[in-house]
Amino acid sequence: AQKITQTQPGMFVQEKEAVTLDCTYDTSDPSYGLFWYKQPSSGEMIFLIYQGSYDQQNATEGRYSLNFQKARKSANLVISASQLGDSAMYFCAMSHSGGGADGLTFGKGTHLIIQP
Amino acid sequence: NAGVMQNPRHLVRRRGQEARLRCSPMKGHSHVYWYRQLPEEGLKFMVYLQKENIIDESGMPKERFSAEFPKEGPSILRIQQVVRGDSAAYFCASSPQRTLAKNIQYFGAGTRLSVL
């Protein structure tokens, strides 16, 4: 069974600093996808970034990058130059390989607060 | 290009009533997923549907819950005889295709169900 672990329930970071949100995963599937979503206080879920298990390079999307270390089964999200608007819950998630359940497995999230 | 549309945003029901949650996927998307989020928790997968077919309902409670995605119209998540434990945020997501791993799901804003 797949499992996502986010060990940081909450983080306080100064504005403009870089932030690393931790995510480790467990799966026996050789093919899988890793995702990060942002949930601001308004409640919607916003897709941020995706990394495939066979991708050779770490994914990047603007200020977001994913530090993918396959051997360690970690997929940490890095936010560069943090902004006040980055304050939100952040969820790491994993997709399953084809043929099985296609629902994403989510971690419990990290509550990030950016301080001015 | 409208995103995933869910309605209502908030729904209040008394114990024993029925709740109907609607979801219209993004244009061009034919795959719909439903998730439930309890307070202070990550999202839990419930069901995956394509038009007129339930593909995977492994996360659905066995009783009182049903889902459909008809040929015409939105996907519906139906909860019969609601109980207080059904109070949660229900999210719908859609994706354009089902591949082995790259299955980026885009979420709606959710429906917050409160059972009195």
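Atoms considered below: every heavy atom in the structure, side chains included; atoms not considered: hydrogens, waters and symmetry mates.
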- Report yes if some heavy atom in the side chain of B:R36 is under 4.5 Å from a heavy atom in the side chain of B:D86; otherwise report no. yes

- Item | side chain to side chain donor-acceptor pair (under 3.5 Å) contacts in which one or both residues fall within residues 11-23 of chain B, not counting sequence neighbours | B:N7-B:R22, B:E18-B:R20, B:E18-B:R78

- Note on the structure: The interface call for A:Y54 against chain B, heavy-atom contacts under 4.5 Å, is neither

- Message: Only heavy atoms, only distances under 4.5 angstrom. Which residues in residues 105-116 of chain A are near chain B?
- Response: A:F106, A:G107, A:K108

- Message: Closer than 3.5 angstrom, by distance alone: can the side chain of B:Q80 be matched with the main-chain N or O of B:G16 as a donor-acceptor pair?
- Response: no

- What part of B:Q37 lies closer than 4.5 angstrom to a heavy atom of chain A: side chain, backbone, both or neither? side chain

- Might you confirm whether atom CE of B:M5 has over 12 heavy atoms from other residues, nucleotides or ligands at distances under 6.0 Å? no

- Message: Are B:F107 and A:Y37 an aromatic pair, judged by ring center distance below 6.0 Å?
- Response: yes

- Query: Is there a side chain to side chain donor-acceptor pair (under 3.5 Å) between B:Y48 and B:Q105 once you walk through the steps?
  - Reply: CA-CA 11 Å; B:Y48 160 45; B:Q105 296 178 20; over 6 Å; no

- Query: According to the salt bridge (charged side-chain N to carboxylate O under 4.0 Å, His left out) rule, which pairs have a member within residues 1-27 of chain A, sequence neighbours left out?
  - Reply: A:D26-A:K73

- Task: Would you kindly say whether B:D56 and B:S58 are connected by a side-chain donor-acceptor distance under 3.5 Å?
- Result: yes

- Considering only heavy atoms, give the residues of residues 39-47 of chain A separated from chain B by less than 4.5 Å, sorted numerically, with 'none' for an empty result. A:Q39, A:S42, A:G43, A:E44, A:M45, A:F47

- Is the shortest heavy-atom distance from the side chain of B:W34 to the side chain of B:L49 under 4.5 Å? yes

- Task: Can you spot which of B:H31, B:H29, B:K27 makes a side-chain hydrogen bond (donor to acceptor under 3.5 Å, both in side chains) with B:S94?
- Result: B:H29

- Message: With a 6.0 Å cut-off on the ring centroids, do A:Y32 and A:Y25 count as close?
- Response: yes

- Options B:Q6, B:M46, B:E41, ranked by heavy-atom pairs under 4.5 Å with chain A, top entry: B:E41

